[in-house]
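Accompanying notes for the structure given below.
Just so we're clear, the structure is a prediction, and the values are computed from it rather than from any experiment. Sequence positions, counted from 1, serve as the residue numbers for this chain. All ligand and atom numbering here is 1-based and tracks the order in the structure.
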Amino acid sequence: MSDKLNLLDLNRDEMVRFFEDIEEKPFRAPQVVKWIHQFGVDNFDEMTNISKSLRAKLKLTTEIKGPEIITEQISDDGTIKWALRLEDGQAIETVLIPDGERGTLCISSQVGCLLDCSFCSTAQQGFNRNLSVAEIIGQVWFAVRRLGSIRTTGNRSVTNVVLMGMGEPLLNFDNVVKALDLMLDDFAYGLSKRRVTLSTSGVVPGLEKLADRSDVALALSLHATNNQLRNELVPLNKKYPIEKLFPAVKHYLDSSKASKKVTIEYVMLKGVNDTPAQARELARLLKDMPCKINLIPFNPFPKTRYETSTQKDIDKFGDILMKKGFVVVTRRTRGDDIDAACGQLVGKVADRTKRQERRQRKIDVVELK
Ligand code: SAH
């Protein structure tokens with residue numbers, strides 16, 4: 001690995017400090033941030049408003065290095081999935097979902113995931129490490145550059161970013177918030193706070209810290225109507241049960257200027273959480289929560305024990321909630337022909353938790369009986 005400082009790792013404040021440290025003027029920071037993130041430049045010679053001597057100085061000790069493309073798959077519905085290689089040879093997945101004028105980029109925050117949600121295929125991969133700032137913002141940097149060169153029909157640029165790829169963003173707090181800084185920075189991507197969504201399975205201390213540090217839109221992976229069922233689907237719930245989680249979410253909304261409602265994500269699992277009685281239970285649970293509800297048809301993956309709810313059951317579930325006054329959107333499944341849909345991102349993870357191995361062993365024991 002290179003020992004040069006990767007400038008993709010720095011938000012604007014850090015860039016200012018960097019230029020001060022090398023005894024250059026702080027105004028160089030916004031200039032360089034602009035070259036990197038707005039113009040997608042990775043070659044210092046293209047930075048024409050930077051003197052030749054400073055460019056030479058930068059080249060000596062720094063670099064601009066994003067992830068490398070391994071594969072690019074384009075779905076029938078226009079969704080694009082990229083597998084991206086990291087410097088240590090592992091891989092993550094990033095997805096662009098075009099929808100009319102909108103282009104939503106779904107990015108990863110970790111290599112694999114520490115959590116073990118029973119319906120998510122990333123969980124099967126285990127966990128290796130957090131992504132660096134360069135690797136998180138690098139996905140946006142990469143996608144914008146790539147779309148610039150392959151744009152064919154329709155609007156395919158990045159207008160929205162969701163942290164809904166691999167990993168739990170609040171368990172990689174420091175790097176995620178710095179990457180968020182760059183997404184919102186007018187000298188970088190200049191996205192409005194409402195167009196950047198952090199999705200969490202409910203890390204309560206992370207939510208509390210986020211309330212002090214950022215103001216992006218929030219999505220909560222709820223998926224269940226009570227602790228008992230949620231413990232099973234999202235095991236993190238045993239540590240941060242609903243009665244601790246909801247006050248933290250409300251606190252975030254109260255302290256946020258931009259996001260007054262949380263998006264409640266609810267994956268529809270046949271016979272598990274999709275009955276009319278559960279819809280009513282969900283309505284009761286959410287009655288004091290400023291929210292909109294996103295029903296996500298379960299996306300199957302190999303060896304899963306779950307099935308997708310029928311369209312009829314999803315409609316019925318949604319209707320009950322709507323009659324109770326909730327805003328309900330059923331997420332259209334996008335890119336499933338290329339395994340780019342929610343919960344289908346896997347990448348290449350050198351698992352340090354030995355999760356797959358442990359599972360395998362458990363299965364062996366069962367089979368021996
Ligand atoms: N760890 C974060 C972000 C990653 S998951 C979180 O839990 O929110 C992004 C969304 O996809 C979550 O709502 C997640 O629960 C959902 N998801 C995971 N696996 C899925 C699957 N197989 N089908 C449909 N949605 C899934």
Side-chain angles (χ1 to χ4, degrees), residues 79 81 92-95 97 104-127 130-131 136 139 160-173 175-176 179-180 196-204 206-207 210 216-224 229-230 232-237 239-240 245 248-249 252 262-270 272-274 282 291-309 314 317 329-336 339-347 349:
T79 301
K81 179 168 85 168
I92 50 169
E93 294 188 325
T94 303
V95 177
I97 307 149
T104 302
L105 190 71
C106 178
I107 64 172
S108 299
S109 56
Q110 298 181 312
V111 185
C113 191
L114 267 177
L115 307 179
D116 198 7
C117 301
S118 59
F119 54 88
C120 179
S121 71
T122 301
Q124 315 290 312
Q125 304 289 301
F127 172 78
N130 282 334
L131 293 182
I136 300 170
Q139 296 168 68
N160 295 57
V161 176
V162 295
L163 280 104
M164 293 186 190
M166 300 166 69
E168 168 49 52
L170 292 183
L171 291 180
N172 183 11
F173 189 88
N175 294 345
V176 162
L180 290 175
V196 177
T197 303
L198 184 147
S199 177
T200 180
S201 44
V203 183
V204 167
L207 276 169
L210 192 68
V216 293
L218 183 70
L220 175 68
S221 290
L222 185 65
H223 309 308
L229 180 58
R230 194 160 192 268
E232 210 181 284
L233 301 177
V234 183
L236 183 71
N237 193 70
K239 197 162 180 189
Y240 306 117
L245 178 55
V249 170
Y252 182 80
V262 59
T263 299
I264 297 289
E265 297 170 281
Y266 194 96
V267 64
M268 298 297 294
L269 304 166
K270 188 176 184 177
V272 175
N273 66 356
D274 65 347
L282 184 61
C291 66
K292 55 182 185 234
I293 301 172
N294 215 324
L295 301 180
I296 313 171
F298 170 65
N299 295 306
F301 51 89
K303 292 191 187 157
T304 177
R305 63 185 129 125
Y306 297 111
E307 285 174 68
T308 314
S309 305
I314 298 176
F317 198 93
V329 178
T330 303
R331 197 180 284 175
R332 267 188 303 146
T333 295
R334 299 287 306 265
D336 54 339
D339 288 342
C342 299
Q344 290 186 321
L345 302 190
V346 290
V349 181

### Query
Who gets closest to atom 3 (C) of ligand 1 by heavy atom: Ser221, Ser201, Gly167?
Gly167
### Message
Out of all atoms in ligand 1, which are within 4.0 Å of some heavy atom of Cys120? Include the element for each.
### Response
18 (C), 19 (N)
### Task
With heavy atoms of Val267 as the reference, note each atom of ligand 1 found under 4.0 Å away.
23 (N), 24 (C), 25 (N)
### Task
Can you sort out the partners of Glu232 under salt bridge (Lys or Arg N to Asp or Glu O under 4.0 Å), two or more places apart, ordered by chain and number?
none
#### Entry: Distance filter under 4.0 Å to Asn299 heavy atoms, resulting ligand 1 atoms
21 (C), 22 (N), 23 (N), 24 (C)
### Task
Of the side chain and backbone of Glu265, name the one, both, or neither that has a heavy atom under 4.0 Å from an atom of ligand 1.
side chain
### Query
Under 4.0 Å from any heavy atom of Gly165, which atoms of ligand 1 are there?
4 (C)
### Query
Can Thr200 and Glu168 be said to form a side chain to side chain donor-acceptor pair (under 3.5 Å), step by step?
CA-CA 6 Å; Thr200 180; Glu168 168 49 52; 2.8 Å; yes
## Note on the structure
Logged contact type for Thr200 with ligand 1, heavy-atom cut-off 4.0 Å, is backbone
### Message
For His223, which part has a heavy atom under 4.0 Å from ligand 1: side chain, backbone, both, or neither?
### Response
side chain
### Message
In terms of relative ring orientation, are Tyr306 and Phe298 parallel, tilted or perpendicular, with 30° and 60° separating the classes?
### Response
perpendicular
### Message
List the residues meeting salt bridge (Lys or Arg N to Asp or Glu O under 4.0 Å) with Lys239, not counting sequence neighbours, and say none if there are none.
### Response
none
### Query
Looking only at heavy atoms, what is the nearest atom pair of Thr94 and Leu105, with distance?
CG2-CD1, 3.8 Å
### Query
So among Val204, Leu114, Val203, which one has a side-chain contact (heavy atoms from CB on, under 4.5 Å) with Leu236?
Val203
### Query
For the side-chain contact (heavy atoms from CB on, under 4.5 Å) test, which of Val262, Leu220, Leu218 pairs with Cys291?
Val262
### Message
Please check whether Phe119 reaches ligand 1 - meaning an N/O of the residue sits under 3.5 Å from an N/O of the ligand, judged on distance alone.
### Response
yes
